[in-house]
Amino acid sequence: MSYDFNTIEAKWQAYWAEKETFKAENNSQKPKYYVLDMFPYPSGAGLHVGHPLGYIASDIYARYKRHKGFNVLHPQGYDSFGLPAEQYAIQTGQHPAITTKDNIARYRQQLDKIGFSFDWSREVRTSGPEYYKWTQWIFIELFNSWYDIDTNKARAIKELETIFSAKGNTTVNAVSDDETIVFTSQEWNSFTDKEKQAILLQYRLTYLAETEVNWCPELGTVLANDEIVNGVSERGGYPVIRKKMTQWSMRISAYAERLLQGLETIDWTDSLKESQRNWIGKSVGASVTFNVKEYDEVIEVFTTRPDTIFGVTFMTLAPEHELVAKITTPEQKNKVNAYIEATAKRSERERMADVKTISGVFTGAYAEHPFTKEPVPIWIGDYVLAGYGTGAVMAVPCGDQRDYDFAKHFDIPIHNIFEGVDISEEAFSDKEKTVIANSDFLNGLTYKKAVKTAIYELEKLGQGQGKTNYRLRDAVFSRQRYWGEPFPVYYVDGMPQMIDVEHLPIKLPEVEKYLPTETGEPPLGRADFWAWDVEKNEVVSNSKIDDKSVFPLELNTMPGWAGSSWYLFRYMDAGNQNEFASAEALGYWQNVDLYIGGNEHATGHLLYSRFWTKFLNDRGYLPVEEPFKKLINQGMILGTSAIIYRISGSNTYVSKSLKETYDIEELRVDVSLINASDELNIDGLKKWQPQFADADFKLEDGKYIVGREVEKMSKRWYNVVNPDGICEQYGADSLRLYEMFLGPLEQSKPWNTAGITGVHGFLKKLWKLYHNGDVFAVTETAPTKDALKTLHKTIKKVQEDIENFSFNTSVSTFMIAVNELTAQKCTSKEILEPLVILISPYAPHIAEELWSKLGHVDSIATSDFPVFDASHLVESTKAYPISFNGKMRFTMELSLDLSKDEIESAVMAYEKTQQQLAGRSPKKVIVVPGKIVNIVG
RNA sequence: GCUGAAGUGGUGGAAUUGGUAGACACGUUGGACUUAAAAUCCAAUGUCCAUUAGGACGUACGGGUUCAAGUCCCGUCUUCAGUACCA
């Protein structure tokens with residue numbers, strides 16, 4: 001009986017499903033371990049070979065941890081709200097729920113074939129009402145919270161109302177939109193209900209605000225930055241303008257410092273932490289206010305260099321700055337307006353791309369320098385961004401290159417305030433070497449001292465203070481889409497109201513089309529039943545909105561990251577109808593011990609879910625501050641596209657080496673038409689697409705050789721390889737081993753099936769090791785010394801590899817072990833039984849089969865990992881001379897702990913053969929813990 | 001520009017704290033078994049010279065530290081990823 005992987009794999013997959021082998025219990029005497037994959041979006045294209053890479057790695061780790069005696073939670077689900085299903089719905093009219101359901105079924109089928117140890121009883125789907133009920137609940141909790149800076153955590157909004165009615169807002173230190181509003185308790189209590197609501201909205205952690213968006217009138221929707229190419233929409237090529245819209249926002253900025261500090265407590269890669277640090281963008285400096293001459297206005301700026309305050313020779317405002325209209329003089333009005341109009345037409349992306357062109361206009365107004373009281377001209381320029389800091393800068397041309405370039409371009413004076421520095425060619429921005437000059441009380445001071453002194457003096461004037469600024473902006477939470485979570489929100493008199501938890505979920509309404517309405521409202525504006533009856537507490541027909549108890553519901557839906565920000569907690573208690581997860585389940589599982597996924601989520605999903613976790617922790621719903629303790633980014637598996645060369649204007653194609661002699665254009669063809677030596681299957685190509693049916697080919701050596709290009713796997717490049725074919729031809733175990741064998745987990749690499757015969761051959765050899773012809777041939781004979789050595793070498797290496805996530809090298813270790821044992825003709829059960837456990841995380845199906853043949857009734861998944869015993873690994877020694885404190889020493893390396901006698905005999909043996917090194921006999925042998933032995937000669 | 005990662009045979013990639021570079025696999029070549037093919041097994045395979053027994057050179061490039069450097073330090077080049085007028 002040969003290795004019949006198809007039968008074996010089907011058998012054990014059915015067994016696992018039936019016995020629920022991988023179901024995790026929420027209480028156990030064992031220690032817990034939570035291994036999570038980033039859940040997939042179920043796209044119509046199905047899984048390709050890149051998807052399972054991370055899943056295989058996490059599956060190996062999960063299975064290993066089970067062998068090591070842990071109670072492992074390893075769930076899977078679907079991030080099933082998203083754009084592709086909606087776009088498909090717009091084109092075909094098919095409801096996204098149906099598309100999504102079909103795609104999920106296909107994903108599940110493909111996943112099952114690979115033999116993952118997921119606990120499917122905990123599956124979640126973000127688009128399921130029983131799931132998004134709790135996404136809506138979290139939204140309401142955010143709405144009902146404010147951020148208290150003094151206790152540094154979120155608190156219930158009710159507590160804030162209590163404070164307001166008792167003491168007004170002067171004693172509250174809270175994060176809010178407008179810190180200048182001040183009221184007493186008497187004033188608060190005399191406000192109307194609507195006024196109170198409007199004020200509270202400025203403190204809530206999710207709030208309505210006017211936000212600038214990329215609006216495409218033709219498509220009637222808001223576009224994300226990456227959906228715009230050269231100022232027009234990627235789809236359709238329609239113009240895009242910047243427009244202000246009222247949208248929900250998340251006050252993530254309140255958590256900026258904690259999101260930054262929290263990075264110190266988690267085990268993520270440095271590059272990922274660095275990305276998040278950059279994104280949060282903390283900078284320490286000062287806020288300075290300049291009075292505007294002849295107007296009763298002040299301009300507030302943020303600067304990291306208050307020490308250069310005497311170098312200010314002008315100010316620049318962003319064209320969008322609100323003061324621009326107020327302070328521009330009549331003479332400059334036309335120029336300024338023309339400039340503002342010109343910049344408004346450019347998208348933010350264009351402005352960023354076009355860094356080199358210097359542009360700006362003088363407003364005609366002057367500010368007053370806080371210390372010298374000299375006039376400072378106020379300019380506008382698009383190098384200042386409205387969205388960062390205060391949208392205004394104090395320009396110090398001698399110390400900042402952008403200010404310098406601007407000043408040179410417009411002939412604005414440049415004052416040198418640095419001692420002994422030449423600024424005739426460029427600005428000087430080296431803080432460390434800074435010594436201030438020409439600056440009154442700052443003269444002679446170095447950077448750090450000058451900053452302190454400048455802030456102190458500004459505070460005395462009441463025109464500035466030390467300030468920390470963050471780049472992180474509040475996150476827009478509204479999408480003008482259909483296929484997303486509806487908000488549990490209705491509007492009374494323009495003010496948002498939350499629906500009570502007991503009436504959730506608010507389910508997505510039916511619409512006949514998935515496009516925005518003709519009047520530019522989101523798709524939910526097409527729903528007939530989309531109004532809230534506060535007496536019946538149910539969704540009713542829009543026609544009843546005239547009734548006094550019926551109000552319109554929110555038309556936007558939530559963004560993709562809403563559902564994915566908390567799903568890890570839902571897995572802990574997926575079926576719970578009464579809570580998002582029970583306190584017991586949350587207390588037991590805590591957070592994710594190991595999270596594996598792609599690094600495209602570095603600043604999106606991974607930041608938002610940290611934010612929500614901290615928030616839920618503040619409000620007492622979670623016992624943890626961070627969602628993911630350890631995170632590994634798997635690399636992308638790239639496709640190898642195949643290229644054929646068509647002679648321009650003809651239907652003739654030339655082989656790769658002939659392409660230079662013709663004027664050609666490149667076409668990509670399906671990679672399944674290419675064999676291992678880059679040869680094209682011409683008959684296959686002719687059948688593939690009608691345009692090739694009567695094509696001519698110019699061959700080399702009787703073959704058509706294609707060009708290859710490594711790029712992202714994508715349908716449009718015809719380079720997608722599905723795992724299904726591999727599973728059929730070589731089996732899931734081969735696929736699993738091969739994906740690991742391809743290279744380091746974290747590295748991107750092109751998919752190439754050529755090497756799969758290597759790992760497949762290994763599995764065949766493994767099978768043969770346990771069989772003599774057709775007979776299972778494991779015996780009770782005592783193992784040889786060599787066999788024991790091979791086994792324990794393998795245990796040690798595999799265990800180290802798994803702990804270090806170097807799965808690729810353990811595949812090699814297995815191959816060496818099997819080759820050695822085959823050569824040794826080992827049939828001993830004492831060796832072969834533990835060996836199969838070592839291999840089982842990688843190739844679980846064949847391991848289960850051999851395990852049951854070894855006489856076990858239970859799944860191998862519950863067996864214990866073999867214990868490493870170093871005593872089987874006595875090996876030869878190496879020695880190197882070292883010089884230490886003028887004395888000659890030898891360092892001797894042994895492969896493991898040896899007894900004193902063994903060391904001494906090894907030293908003697910070594911001495912005999914290496915007399916040139918061991919001219920003197922060792923006087924003392926020092927055993928250093930581990931494996932280095934120092935011999936002092 | 002900045003940040004991060006990396007550069008090793010024909011290819012994917014190994015190499016503990018510095019300690020015999022190229023494990024393992026693919027590919028290639030030769031051989032065995034077959035009528036033949038497939039499958040399987042065996043051998044060789046960094047480069048160059050000896051063509052035996054051995055020697056020299058080799059981890060992007062140039063220096064340095066060290067008894068010893070793929071690994072550490074300085075400089076240069078290249079590639080990939082992320083990010084960008086952040087005041």
Side-chain angles (χ1 to χ4, degrees), chain A residues 2 269-279 281-283 285-286 288 301-306 308 315-316 318 348-349 351-358 381-385 387-396 399-403 405-406 429 469-473 599-600 602-603 633 635-636 638 676-677 737-738 741-744 746-762 764-765 768 796-797 800 804 806 808-819 822 876 878-884 888-893 895 917 928 930-932:
Chain A
S2 61
T269 60
D270 288 340
S271 68
L272 195 60
K273 287 187 184 181
E274 196 59 31
S275 300
Q276 292 219 340
R277 276 189 206 110
N278 287 342
W279 195 259
K282 180 179 183 173
S283 49
V288 184
V301 301
F302 173 75
T303 178
T304 55
R305 297 295 304 271
T308 63
M315 303 190 72
T316 316
E348 197 161 331
R349 178 162 281 213
R351 265 169 76 170
M352 287 172 187
D354 185 18
V355 175
K356 300 234 166 62
T357 319
I358 296 163
D382 67 1
Y383 79 97
V384 176
L385 302 175
Y388 182 77
T390 60
V393 300
M394 58 176 228
V396 184
D400 183 288
Q401 196 57 42
R402 289 157 303 169
D403 295 343
D405 294 341
F406 195 88
S429 55
N469 208 39
Y470 298 91
R471 194 178 77 102
L472 185 68
R473 294 187 225 174
N599 65 1
E600 65 272 22
T603 49
N633 282 134
M636 218 188 326
L638 303 165
S677 37
L737 281 170
Y738 188 55
F741 186 68
L742 269 179
E746 278 147 301
Q747 203 171 297
S748 287
K749 54 238 162 190
W751 178 257
N752 172 10
T753 329
I756 200 167
T757 53
V759 292
H760 188 64
F762 156 73
K764 286 192 203 168
K765 282 185 201 164
K768 271 195 194 165
K796 184 164 184 273
K797 186 70 165 55
E800 281 169 5
N804 297 325
S806 354
N808 54 332
T809 49
S810 33
V811 180
S812 299
T813 309
F814 292 139
M815 290 180 180
I816 295 167
V818 167
N819 283 340
T822 304
S876 61
K878 286 184 241 170
Y880 312 91
I882 59 168
S883 167
F884 183 73
M888 196 59 164
R889 276 187 170 201
F890 302 99
T891 294
M892 190 158 208
E893 189 178 321
S895 3
L917 293 179
V928 178
K931 46 198 173 178
I932 301 295

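All chains are named by letter (A, B, ...) in the order of the sequence lines, taking the proteins before the strands, and each is independently numbered beginning at 1.
- Residues A:Leu272 and A:Ile756 both approach RNA chain B. Their nearest nucleotides, taken by heavy-atom distance, put A:Leu272 toward the 5′ side.
- If you find the closest nucleotide of RNA chain B to A:Pro750 and to A:Lys797, the one lying nearer the 5' end belongs to A:Pro750.
- Among the atoms of the strands shown, only primed sugar atoms or phosphate atoms (P, OP1, OP2) are found under 4.0 Å from some heavy atom of A:Gln747.
- The separation between A:Leu737 atom CG and B:C26 atom C1' is 15 Å, rounded to whole Å.
- Base orientation for B:G58: anti, the chi torsion being more than 90° from 0.
- Taking the P atoms as reference points, B:U8 lies 15 Å from B:A15, given to the whole Å.
- Under the Watson-Crick and G-U wobble criteria, each requiring two contacts below 3.5 Å, nucleotide B:G1 is paired to B:U83.
- Spacing of P atoms, B:C24 relative to B:C33, comes out at 27 Å, to the nearest Å.
- Ring planes of A:Phe406 and A:Tyr383: tilted class, angle from 30 to 60°.
- A distance of about 35 Å separates the P atoms of B:U52 and B:A14, rounded to the whole Å.
- Salt bridge absent: A:Lys797 and A:Glu800 never bring a charged side-chain N and a carboxylate O closer than 4.0 Å.
- Note: CD (A:Glu800) to P (B:A23) measures 20 Å, nearest angstrom.
- OP1 or OP2 of B:U40 has at least one side-chain nitrogen or oxygen of A:Lys764 nearer than 4.0 Å.
- In this structure, A:Tyr388 reaches the B:A87 phosphate: one of its side-chain N or O atoms is under 4.0 Å from OP1 or OP2.
- Look at A:Arg402 and you'll find a side-chain N or O under 4.0 angstrom from OP1 or OP2 of B:C86.
- When the P atom is compared between B:U59 and B:G9, the two are found 10 Å apart, to the nearest whole Å.
- Using a 4.0 Å heavy-atom cutoff across all strands shown, A:Phe741 reaches at least one base atom of the nucleic acid.
- A:Lys282 comes within 4.0 angstrom of nothing in the nucleic acid, heavy atoms only.
- If you take atom C1' in B:G63 and the same atom in B:U11, they sit 32 Å apart, rounded to whole Å.
- Using a 4.0 Å heavy-atom criterion, one finds that A:Asp403 contacts no nucleic acid atom at all.
- Contact annotation for A:Ser271: backbone-only contact, meaning every heavy-atom pair under 4.0 Å involves sugar-phosphate atoms and none involves a base.
- Across all strands shown, B:A36 forms no Watson-Crick or G-U wobble pair with both key distances under 3.5 Å.
- Applying the 4.0 Å criterion to OP1 and OP2 of B:A14, one finds that A:Asn808 has a side-chain N or O inside that range.
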